[in-house]
Number of protein chains: 2
Amino acid sequence: MTAPHTGPALAAPNLGAAVSALRARGFRVSSARRLVLESLYGAGEPLSAERIAGGLEGRFPVSDLASVYRNLETLEELGLVRHFHLGHGPGLYAPAGEEKEYLLCESCHELRAVDPSELDGARTLIQEELGFRARFTHFPIVGLCPACEGSA
Amino acid sequence: MTAPHTGPALAAPNLGAAVSALRARGFRVSSARRLVLESLYGAGEPLSAERIAGGLEGRFPVSDLASVYRNLETLEELGLVRHFHLGHGPGLYAPAGEEKEYLLCESCHELRAVDPSELDGARTLIQEELGFRARFTHFPIVGLCPACEGSA
DNA sequence: TTAAATGCAAAGCTTTTGCAATACT
DNA sequence: AGTATTGCAAAAGCTTTGCATTTAA
């Protein structure tokens with residue numbers, strides 16, 4: 001928690017840039033920390049801490065879960081990583097940047113990832129009507145998918 | 001979990017109606033179960049299971065946490081109760097019906113409850129554009145409140 | 001009477017914390 | 001060399017489960 005430096009969010013487009021950002025801010029690049037970044041950038045999908053610590057089914061060495069959590073926290077404070085929740089399971093982590101927003105059907109539990117631009121209409125409307133700048137990135141939008149809405 | 005009857009959701013406007021609904025469906029009205037309902041209808045605000053079991057600061061007798069959870073689950077399956085999450089804390093429970101939807105500022109953590117009608121514009125737009133019927137009742141909409149949006 | 005529901009204890013799952021040992025810079 | 005970071009172990013916070021006992025109907 002006591003970090004050499006803490007500043008505003010910055011997203012890195014790839015592993016190398018993330019490592020540079022760490023060094024530039026005075027953070028060490030330990031093997032455990034590098035492993036977390038490699039997993040996140042290598043997976044191409046959001047990961048749970050457990051999955052990262054487990055080595056991503058053989059693609060990476062197994063590592064300590066507590067350290068993974070600590071690194072994810074550090075990386076998130078730095079703005080290199082974000083986490084979100086899709087339901088009652090563990091939190092999911094991904095490199096900051098290429099955010100997706102999620103629609104979760106409360107009936108059939110189908111999960112649909114959409115590009116933020118697809119929700120810009122709603123975002124604008126909410127901002128105009130309520131003054132609130134919505135980011136649907138931390139929790140999914142829960143509701144009924146077209147199929148379940150139809151049969152309701 | 002093995003219930004005498006399970007059917008579609010029904011909201012009850014008050015304690016008496018909820019008790020009747022229970023009986024009508026063949027569920028027993030035990031003192032523990034009644035206590036959960038009394039707390040939920042009496043509080044006027046969403047409650048955690050822990051708070052219900054704790055007797056709501058003296059307003060009700062202390063009861064068993066596991067039973068509270070089991071009853072909340074039963075009542076939710078029946079459609080008399082719903083639960084939602086506002087952040088990383090425990091789930092919150094309230095009588096079904098008078099739903100609120102929540103806006104949570106990710107910067108100052110201000111929580112704003114809004115009437116569902118205030119989000120109907122956005123709901124309609126999302127339905128038109130994505131075919132998805134959004135209910136912002138299980139997770140809050142996370143983003144920036146007017147004040148924090150202004151200073152960003 | 002009898003099966004639903006309780007109360008207690010224990011465990012499960014996710015995340016956090018304390019601390020001595022290690023390793024990055 | 002000095003301190004950020006690790007690895008291990010233990011605990012914390014929320015929720016679920018097993019089971020013998022109680023109780024509503």
Side-chain angles (χ1 to χ4, degrees), chain A residues 1-6 19-37 39 46-55 60-78 80-81 83-93 138-139, chain B residues 1-6 19-39 46-55 60-78 80-81 83-93 139:
Chain A
M1 259 297 293
T2 304
H5 176 85
T6 303
V19 167
S20 300
L22 275 176
R23 284 208 223 277
R25 301 202 167 198
F27 286 86
R28 294 184 183 177
V29 182
S30 67
S31 50
R33 185 167 287 161
R34 170 172 255 121
L35 208 44
V36 169
L37 287 171
S39 297
L47 300 175
S48 68
E50 180 95 43
R51 190 121 178 274
I52 295 171
F60 297 95
V62 167
S63 57
D64 180 62
L65 185 55
S67 291
V68 169
Y69 272 112
R70 272 187 294 229
N71 276 316
L72 289 170
E73 184 184 30
T74 298
L75 295 169
E76 189 155 25
E77 282 171 1
L78 263 169
L80 290 170
V81 164
H83 88 274
F84 58 97
H85 303 269
L86 291 187
H88 285 180
L92 297 178
Y93 296 78
H138 192 73
F139 292 122
Chain B
M1 259 297 293
T2 304
H5 177 84
T6 303
V19 167
S20 300
L22 275 175
R23 284 208 225 276
R25 300 204 164 196
F27 286 86
R28 294 185 183 177
V29 181
S30 68
S31 50
R33 184 166 288 160
R34 167 172 257 121
L35 209 44
V36 169
L37 287 171
E38 285 174 348
S39 298
L47 300 174
S48 68
E50 180 96 43
R51 190 124 178 272
I52 295 171
F60 297 96
V62 168
S63 57
D64 180 64
L65 185 55
S67 290
V68 169
Y69 272 112
R70 272 187 293 228
N71 276 317
L72 288 169
E73 184 184 30
T74 298
L75 294 168
E76 190 155 24
E77 282 170 2
L78 263 169
L80 290 169
V81 163
H83 88 274
F84 57 97
H85 303 269
L86 292 187
H88 284 180
L92 297 179
Y93 296 79
F139 293 123

Exercise. On a plain distance test, is the side chain of B:R28 in donor-acceptor contact with the base of C:dA4 below 3.5 Å?
Worked result: yes
Exercise. Would you say the base of C:dG7 and the side-chain of B:R33 have a donor-acceptor pair closer than 3.5 Å?
Worked result: no
Problem set entry | Whichever of A:A32 and B:S67 has its nearest DNA chain D nucleotide further upstream toward 5' | A:A32
Exercise. Is A:A49 touching bases, backbone alone, or none of the nucleic acid, heavy atoms closer than 4.0 Å?
Worked result: nothing
Exercise. Considering only side-chain heavy atoms of A:R70, which listed nucleotide, D:dT16, C:dT17, C:dT6, is closest?
Worked result: C:dT17
Exercise. CZ of A:R51 versus P of C:dT14: gap in Å, rounded?
Worked result: 14 Å
Problem set entry | A:H85/B:H85 aromatic ring centres below 6.0 Å | no
Exercise. Do A:R23 and A:S20 come within less than 4.5 Å of each other through their side chains, counting heavy atoms only?
Worked result: no
For this session: Could you state the atom-to-atom distance from CG of B:L65 to C1' of D:dT15 in whole Å?
Result: 8 Å
For this session: Quickly work out the B:E77 CD to C:dA5 P distance and round it to whole Å.
Result: 11 Å
Exercise. Does a side-chain heavy-atom distance below 4.5 Å link A:T74 with A:R33?
Worked result: yes
Problem set entry | N/O donor-acceptor pair, side chain B:R23 with base D:dA25, under 3.5 angstrom | no
Exercise. Just wondering, do B:V36 and B:V81 contact through their side chains at under 4.5 Å, heavy atoms?
Worked result: no
Problem set entry | Rounded distance in Å - CD (B:E73) to P (C:dT6) | 12 Å
Seminar exercise, completed: Judged by nearest nucleotide, the residue sitting upstream toward the 5' end of DNA chain C, B:V29 or B:A66, is B:V29
Exercise. Which nucleotide in the set D:dC8, C:dC24, D:dT15 lies at the smallest distance from any side-chain heavy atom of A:S30?
Worked result: C:dC24
Exercise. Just how far, in rounded Å, is C1' of D:dT16 from CG of B:L72?
Worked result: 13 Å
Seminar exercise, completed: Between CG of A:D64 and P of C:dT17 the distance, given in whole Å, is 15 Å
Problem set entry | Length of the line joining B:R34:CZ and C:dT6:P, which is rounded to integer Å | 13 Å
Problem set entry | Verdict with reasoning, B:Y93 to B:H83, per ring-ring contact (aromatic ring centres under 6.0 Å, His included) | CA-CA 4 Å; B:Y93 296 79; B:H83 88 274; 5.4 Å; yes
Exercise. Rounded to whole angstroms, how far apart are OH on A:Y69 and P on D:dA10?
Worked result: 19 Å
Exercise. Which comes earlier along DNA chain D counting from the 5' end, the contact point of B:H88 or that of A:S31, where each point is its nearest nucleotide?
Worked result: A:S31
